[in-house]
Amino acid sequence: MIEVAVFGAGRIGKIHAANVAAHPGATLRYVVDVHAPSAQALADMHGARVASVEQALADPAVGAVVIGSSTDTHADLLLRSAAAGKAIFCEKPVDLDIARARECAAAVEAAGVTCMIGFQRRFDPTFSALKRRLDEGEIGTPEVLVVTSRDPGAPPVEYLKGSGGIFKDMLIHDFDIFRWILGDEAVSIHATGSCLSDPAIAEAGDIDTTAVTIRTRKGRICQINTSRRAAYGYDQRFEVLGDKGMLQAGNVRPTQVVSWGGKHISSDLPEHFFLERYRDAYAAEIAHFFDALTAGTPVRTTVADGLKALELAELATQSWREGRALECIV
């Protein structure tokens, strides 16, 4: 039984805490958050205790930590957890600064601890099934990947100001999907974008609509289109074209009922928010983390994966600002 400290009692911290508490091989021992009432409420919900960072990391009974706090705390908590010899699950991104993220990766390697980065889309049942069938050769050699990623609406502008921009905040997941699905690395990237939904986003120095084209070292092409606004819900789809066919992964709906009438055919809209869309994926990634710790096997999303996705996000940001394609070092 692995004793766990969860850092962060916000919306993602609550998801991870519930999944830790539900896992048969883990026990939620501590909840840590700067907002004491939130920490206490979450701890009470799962029979845990509230602690400070220092208390949680100093407790030898704690074998693992789950970092689901705000982005600006990730690197510090990751470094301190590695130094304390704890296994680490950390939400993306490792940090908004590449140099800082590289420091974290080096610290994890030096400490010899397990560190998993929270790219939950790899654990989505539909996406995982597509990846398995792709690897089995169902459509032959993949040649083109097209990713559609659209949120139902932008977060508050105050959040966006500290988010690192749309490429690091939103597309970092799509960059990870690109590397995972194609099993390849980028040699060039071209990003463009606009602000179409709210002038305040542009005033904050960000955009809400993007198109990214990536060419890989094997000559494959990946196109990613994203938007902060989709009136119909949370839209997450992708397709892979191979020399023998195509595989598609579509949206998740609350039900799969389709109504056929004399004037129209209708179905449920996609799930409206990422917490609903990826509820199964969040549970599966936490289960994988603890199963890997118990079995002594590698985790599927490493700190190196987090660093690679962040590097692509940084290059995409630069490409957009400079209006040109950039070469990638692989």
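Counting only distance, with no hydrogens or angles, the side chain of Ser267 and the backbone of Val258 share no donor-acceptor pair below 3.5 Å. Looking at Asn225, its side chain never comes within 3.5 Å of a backbone N or O of Val212 through a donor-acceptor pair. Between the side chain of Lys92 and the backbone N or O of Leu310, no donor-acceptor pair lies under 3.5 Å. When atom types are taken as modelled, the side chain of Asp151 and the backbone of Arg229 share no donor-acceptor pair closer than 3.5 angstrom. Here the side chain of Glu109 pairs no donor or acceptor atom with the backbone of Ala106 at under 3.5 angstrom. No side-chain donor-acceptor contact under 3.5 Å links Asp95 to the backbone of Arg100. Remark: side-chain polar atoms of His46 are not paired, donor with acceptor, to backbone N or O of Ala48 under 3.5 angstrom.
Exactly one of Arg215, Lys218, Arg217, Arg179 qualifies for a salt bridge (charged side-chain N to carboxylate O under 4.0 Å, His left out) with Asp184. That residue is Arg217.
Within the 4.5 Å cutoff, the side chain of Ile181 has heavy atoms near those of the Phe238 side chain. In this structure, the side chains of Val108 and Leu78 come closer than 4.5 Å at one or more pairs of heavy atoms. Considering only heavy atoms from C-beta on, Leu315 comes within 4.5 Å of Gln318 through its side chain. Side-chain contact between Ile117 and Phe89 is absent, with no heavy atoms from C-beta onward closer than 4.5 Å. At least one side-chain heavy atom of Arg11 sits under 4.5 Å from a side-chain heavy atom of Phe274. Residues Thr209 and Thr226 fail the side-chain proximity criterion, which asks for heavy atoms closer than 4.5 Å. Using a 4.5 Å heavy-atom cutoff, the side chains of Thr216 and Val187 are not in contact. Side-chain contact between Arg228 and Leu160 is present, with at least one heavy-atom pair separated by less than 4.5 Å.
Using a cut-off of 4.0 Å between Lys/Arg side-chain N and Asp/Glu carboxylate O, Asp59 and Arg29 are scored as salt-bridged. Between Asp135 and Arg133 there is no salt bridge, since no side-chain nitrogen of the basic residue lies less than 4.0 Å from a carboxylate oxygen of the acidic one. The pair Arg279-Glu271 meets the salt-bridge criterion, with a side-chain N (NZ, NE, NH1 or NH2) lying under 4.0 Å from an Asp/Glu carboxylate O. A salt bridge links Arg122 to Asp176: one of the charged nitrogens lies within less than 4.0 Å of a carboxylate oxygen. For Glu54 and Arg80, the salt-bridge test passes: some basic side-chain N is under 4.0 Å from an acidic carboxylate O. Ionic pairing of Lys161 and Glu158 is present here: one or more N-O contacts between side-chain nitrogen and carboxylate oxygen are shorter than 4.0 angstrom.
Ile172 CD1 to Ile166 CD1: the interatomic distance, rounded to the nearest 0.5 Å, is 13.0 Å. Note that CG of Asp198 and CD1 of Ile201 are 5.0 Å apart. Values are rounded to the nearest 0.5 Å. The NE2 atom of His190 sits 8.5 Å away from atom CG of Leu326, with the distance rounded to the nearest 0.5 Å. Once rounded to the nearest 0.5 Å, the distance linking CD1 of Ile189 with CD of Glu314 reads 11.0 Å. One distance of note links OG of Ser69 with CD of Glu91; it measures 9.5 Å at 0.5 Å rounding. The OG atom of Ser149 sits 8.5 Å away from atom CD1 of Ile224, with the distance rounded to the nearest 0.5 Å.
Using a 3.5 Å distance cut-off with no hydrogens or angles, the side chains of Tyr234 and Asn251 do not pair a donor with an acceptor. Donor-acceptor pairing under 3.5 Å is recorded for the side chains of Thr302 and Asp305. Checking Arg150 against Gln236 by side-chain atom types alone, no donor-acceptor pair falls below 3.5 Å. Asn19 and Tyr282 form no side-chain donor-acceptor contact under 3.5 Å, judged by distance and modelled atom types alone.
Side-chain heavy atoms closer than 4.5 Å link hydrophobic residues (I, L, V, M, F, W, Y) into clusters, and following such links, even through other members, never connects Val62 to Met116. Under the 4.5 Å side-chain contact rule for hydrophobic residues, Phe119 and Phe167 do not share a cluster. Residues Tyr278 and Ile67 do not share a hydrophobic cluster, defined by chaining ILVMFWY side chains whose heavy atoms lie under 4.5 Å apart. If you chain together hydrophobic residues whose side chains sit under 4.5 Å apart, Phe127 and Leu145 fall into the same group. Hydrophobic clustering (ILVMFWY, side-chain heavy atoms < 4.5 Å, transitive): Leu134 and Phe178 are in one cluster.
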Would you check, one step at a time, whether the test side chain to side chain contact (heavy atoms under 4.5 Å, CB included) holds for Asp124 with Gln120? CA-CA 7 Å; Asp124 174 75; Gln120 86 282 353; over 6 Å; no

Run the side chain to side chain contact (heavy atoms under 4.5 Å, CB included) check on Glu143 and Ile221 step by step: do they pass? CA-CA 7 Å; Glu143 298 173 345; Ile221 301 298; over 6 Å; no

After noting the C-alpha distance and the side-chain angles of Glu276 and His272, does the key distance pass the side chain to side chain contact (heavy atoms under 4.5 Å, CB included) rule? CA-CA 7 Å; Glu276 289 77 27; His272 191 70; 5.5 Å; no

Run the salt bridge (Lys or Arg N to Asp or Glu O under 4.0 Å) check on Arg102 and Glu311 step by step: do they pass? CA-CA 10 Å; Arg102 288 172 178 158; Glu311 289 171 344; 3.1 Å; yes

Start with the C-alpha gap between Ser38 and Asp33, add the side-chain angles, then the distance that decides, and say whether side-chain hydrogen bond (donor to acceptor under 3.5 Å, both in side chains) holds. CA-CA 7 Å; Ser38 297; Asp33 196 283; 5.3 Å; no

Let me see the working for Phe7 and Tyr30 under ring-ring contact (aromatic ring centres under 6.0 Å, His included), right down to the final yes or no. CA-CA 8 Å; Phe7 296 108; Tyr30 296 121; 9.5 Å; no

Carefully, step by step, assess Trp320 and Thr210 under the rule side chain to side chain contact (heavy atoms under 4.5 Å, CB included). CA-CA 9 Å; Trp320 160 60; Thr210 74; over 6 Å; no

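Partners of His74 under the ring pair (Phe, Tyr, Trp, His ring centres under 6.0 Å) rule, at least two apart in sequence or in another chain, do not exist in this structure.
Residue Arg253 qualifies as enclosed at atom CZ: its count of foreign heavy atoms under 6.0 Å is above 12. More than 12 heavy atoms of other residues, nucleotides or ligands sit less than 6.0 Å from atom NZ of Lys86.
Note on ring orientation: taking the six-membered ring where Trp is involved, the planes of His288 and Phe123 are tilted (angle from 30° to 60°).
Nearest heavy atom pair, residue Ser52 against residue Gln55, reads N-OE1, 2.9 Å.
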